[in-house]
S.K.: 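Can you read through this structure? Questions will come right after.
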Amino acid sequence: MGVRFEELAWRETPIGLISLRRRRDPSLGVEVYEVKLDDEFLMSSLFPVAEIELARLGLAPLRGSGLDVVVGGLGLGYTARTALEDDRVGSLLVVEAIEDVIDWHRRELLPFAAGLAADPRTRFARADFFAAVADGTGFDPQEPGRRFHAVLLDVDHSPRNVLHPAHAAFYTPDGLRRLAAHLHPDGVFALWSDDPPDSDFEAALATVFSTARAHVVPFANPLTGGESANTVYVAQR
């Protein structure tokens, strides 16, 4: 029998112990990759649908080529890898606060994200996404003030369920205005959420962006045998 469980990497961070583990699920007959923060599950390779749709839905409203895209929060790499599958993307800047998470991808510990780090369009910025918005410095340390065509964010569980109290201000109209300043005039902000559509957050988006929509993304849940859903918000200037 092969190894049923393996912890591939772990590190104490300012927000807790983050770890990447791989396990064999005998009932499903698949290898599962999971990220945990202390004892809390952040993401699993069993449920990638909404992370993939974050990139697809977020890029869909844009026209033209040579798109400059930011992915906030690297995680298992599904959003970033899907963005690179769009031939219109000219550059991908991944903003990730934890160096170890970036290292997972450089070492190609995640087979489904293979090629992400090696793609010439990809660059990693080790930075706090929310601090970069709050202080106005922007996402690209090599080009302060740079604007982007799309920002795709997947860090917190939802606008109401954040990983750190400092993130909460981002989801207000003022925080969203600061984010919009880093977008081109027709730029898109897209956000993954584990919660159902939140009318208060939709209202906040509507005060800043010309259009805003909450997409409910259903997916099969192999653990329950039923269906679950996430939300992807897409707002365009």
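Only this structure's heavy atoms are used, side chains among them; waters, hydrogens and symmetry mates stay out.
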S.K.: A side-chain contact here means heavy atoms from C-beta on lying under 4.5 Å apart; do V232 and L191 qualify?
M.R.: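 V232 vs L191: side chains apart.
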
S.K.: Would you call R23-E34 a salt bridge at under 4.0 Å N-O?
M.R.: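 The answer is yes: the pair qualifies as a salt bridge.
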
S.K.: Can you tell me if T79 and D154 form a side-chain donor-acceptor pair at under 3.5 Å?
M.R.: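 Judged by distance alone, the side chains do not pair up.
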
S.K.: Using atom types as modelled, flag every donor-acceptor pair under 3.5 Å from a side chain in residues 203-222 to any protein atom, sequence neighbours excluded.
M.R.:
residue: T207; atom: OG1; partner: A204; partner atom: O; Å: 2.6
residue: N221; atom: OD1; partner: L223; partner atom: N; Å: 2.9
residue: N221; atom: OD1; partner: T224; partner atom: N; Å: 3.3
residue: N221; atom: ND2; partner: S228; partner atom: OG; Å: 3.0

S.K.: Mind checking ring-ring contact (aromatic ring centres under 6.0 Å, His included) for F189 and listing every partner two or more places apart, or none if nothing turns up?
M.R.: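 ring-ring contact (aromatic ring centres under 6.0 Å, His included) list for F189, sorted by chain: F170.
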
S.K.: Between R88 (side chain only) and L62 (backbone N and O only), is there a donor and an acceptor less than 3.5 Å apart?
M.R.: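 Side chain of R88 to backbone of L62: a pair is present.
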
S.K.: Looking only at non-hydrogen atoms, find the nearest pair between H149 and G66 and report the distance.
M.R.: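 Here H149 and G66 meet closest at CE1-O, 3.8 Å.
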
S.K.: Can you measure from NE2 (H105) to CG (D100) and round to the nearest 0.5 angstrom?
M.R.: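 Result: 11.5 Å between the selected atoms.
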
S.K.: To the nearest 0.5 Å, what is the distance between CG (D38) and CD (E12)?
M.R.: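 So the gap between those two atoms works out to 6.5 Å.
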
S.K.: Under the side chain to side chain contact (heavy atoms under 4.5 Å, CB included) rule, what do V94 and L92 come out as? Steps first, then yes or no, please.
M.R.: CA-CA 6 Å; V94 180; L92 181 71; 4.1 Å; yes

S.K.: If you take all heavy atoms of N230 and S193, which pair is closest and at what distance?
M.R.: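 The pair with the smallest heavy-atom distance is CB-O, 3.4 Å.
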
S.K.: With F148 as reference, evaluate V188, L67, D140, V69 under the side-chain contact (heavy atoms from CB on, under 4.5 Å) test and give the passing residue.
M.R.: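 Answer after filtering V188, L67, D140, V69: D140.
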
S.K.: Under 4.0 Å between a Lys/Arg side-chain N and an Asp/Glu carboxylate O for R24 and E31?
M.R.: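 Result for this pair is no, no salt bridge flagged.
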
S.K.: Kindly indicate whether the side chain of Q236, heavy atoms from C-beta on, has any atom under 4.5 Å from the side chain of D186.
M.R.: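 Result yes, sub-4.5 Å side-chain heavy-atom pair found.
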
S.K.: Would you name the heavy atoms of V133 and G175 that are closest together and state the gap between them?
M.R.: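 That closest heavy-atom pairing would be CG1-O, 3.8 Å.
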
S.K.: Heavy atoms, side chains only, cut-off 4.5 Å: are F201 and D195 in contact?
M.R.: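 No, too far: nothing below the 4.5 Å cut-off.
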
S.K.: As an exercise, state the distance from CG of L110 to OG of S45, rounded to the nearest 0.5 Å.
M.R.: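 Reported value, rounded in 0.5 Å steps: 8.5 Å.
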
S.K.: Return each pair, listed once, that meets side-chain hydrogen bond (donor to acceptor under 3.5 Å, both in side chains) where at least one residue sits in residues 173-182; pairs must be two or more places apart or across chains.
M.R.: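 Listed once each, the pairs are D174-R177.
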
S.K.: Just how far is it from atom CZ of R21 to atom OH of Y33, taken to the nearest 0.5 Å?
M.R.: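 Taking CZ in R21 and OH in Y33, the distance rounds to 13.5 Å.
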
S.K.: With rounding to the nearest 0.5 angstrom, report the CD1 to CD1 distance, I102 to I98.
M.R.: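 Here the interatomic distance stands at 9.5 Å.
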
S.K.: Using modelled atom types only, decide if a donor and an acceptor are shared between the side chain of E96 and the backbone of L74 within a distance under 3.5 Å.
M.R.: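 At least one qualifying donor-acceptor pair exists.
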
S.K.: Between S158 and D194, is a side-chain hydrogen bond (donor to acceptor under 3.5 Å, both in side chains) present by the stated rule, with each step listed?
M.R.: CA-CA 6 Å; S158 75; D194 194 34; over 6 Å; no

S.K.: Would you kindly say whether H167 and D156 are connected by a side-chain donor-acceptor distance under 3.5 Å?
M.R.: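 Yes.
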
S.K.: Could you measure the distance from the CG atom of D103 to the CG atom of L20? Nearest 0.5 Å is fine.
M.R.: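 Between atom CG of D103 and atom CG of L20 there are 10.5 Å.
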
S.K.: Can you check side chain to side chain contact (heavy atoms under 4.5 Å, CB included) on I18 and V101, steps first, answer last?
M.R.: CA-CA 9 Å; I18 193 164; V101 176; 4.0 Å; yes

S.K.: Please find the pair of heavy atoms, one from L59 and one from A83, that lie closest to each other, and give the distance.
M.R.: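 Closest approach of L59 to A83: CD1-CA, 4.1 Å.
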
S.K.: Take V151 and F129, measure what side chain to side chain contact (heavy atoms under 4.5 Å, CB included) needs, and give me the verdict at the end.
M.R.: CA-CA 11 Å; V151 172; F129 176 94; 3.8 Å; yes

S.K.: Verify the neighbour count for atom CG of D135: are there more than 12 heavy atoms of other residues, nucleotides or ligands below 6.0 Å?
M.R.: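 More than 12 within 6.0 Å, yes.
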
S.K.: Between D86 and R56, does any side-chain N to carboxylate O distance fall below 4.0 Å?
M.R.: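 A salt bridge is absent here (no side-chain N lies under 4.0 Å from a carboxylate O).
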
S.K.: For A166, is there any backbone N or O sitting under 3.5 Å from a side-chain donor or acceptor partner on H164?
M.R.: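 Yes, H164 side chain to A166 backbone: donor-acceptor pair under 3.5 Å.
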
S.K.: May I have the step-by-step check of side chain to side chain contact (heavy atoms under 4.5 Å, CB included) for F139 and V71, ending in yes or no?
M.R.: CA-CA 10 Å; F139 303 115; V71 168; over 6 Å; no

S.K.: Mind checking what makes salt bridge (Lys or Arg N to Asp or Glu O under 4.0 Å) contact with D198, not counting sequence neighbours?
M.R.: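 Per chain and number, D198 pairs via salt bridge (Lys or Arg N to Asp or Glu O under 4.0 Å) with R160.
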
S.K.: Of all the heavy-atom pairs spanning A125 and L93, show the shortest one and how long it is.
M.R.: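 Of all heavy-atom pairs spanning A125 and L93, the closest is CB-CD1, 4.0 Å.
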
S.K.: Under 4.5 Å between any side-chain heavy atoms of S91 and R146, yes or no?
M.R.: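 Yes, at least one pair of side-chain atoms sits under 4.5 Å.
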
S.K.: Do the side chains of V35 and W104 get nearer than 4.5 Å, heavy atoms only?
M.R.: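 Yes. Closest side-chain heavy atoms under 4.5 Å.
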
S.K.: Return each pair, listed once, that meets side-chain hydrogen bond (donor to acceptor under 3.5 Å, both in side chains) where at least one residue sits in residues 112-122; pairs must be two or more places apart or across chains.
M.R.: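 Found D119-R121.
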
S.K.: Check E51 with R81, please: is the shortest side-chain N to carboxylate O separation under 4.0 Å?
M.R.: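 Here R81 does not pair with E51 in a salt bridge, since their nearest N and O are not under 4.0 Å apart.
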
S.K.: Would a 4.5 Å heavy-atom cut-off, applied to side chains only, mark L163 and H157 as touching?
M.R.: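 Counting from C-beta outward, L163 and H157 do come under 4.5 Å.
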
S.K.: Give every residue pair that meets the ring-ring contact (aromatic ring centres under 6.0 Å, His included) criterion with at least one member in residues 63-89, sequence neighbours excluded.
M.R.: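 Output for this query lists Y78-F112.
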
S.K.: Please name the pair of heavy atoms, one in V155 and one in G73, separated by the smallest distance, quoted to 0.1 Å.
M.R.: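 Answer, listing the atom of V155 first, then G73: CG2-CA, 3.8 Å.
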
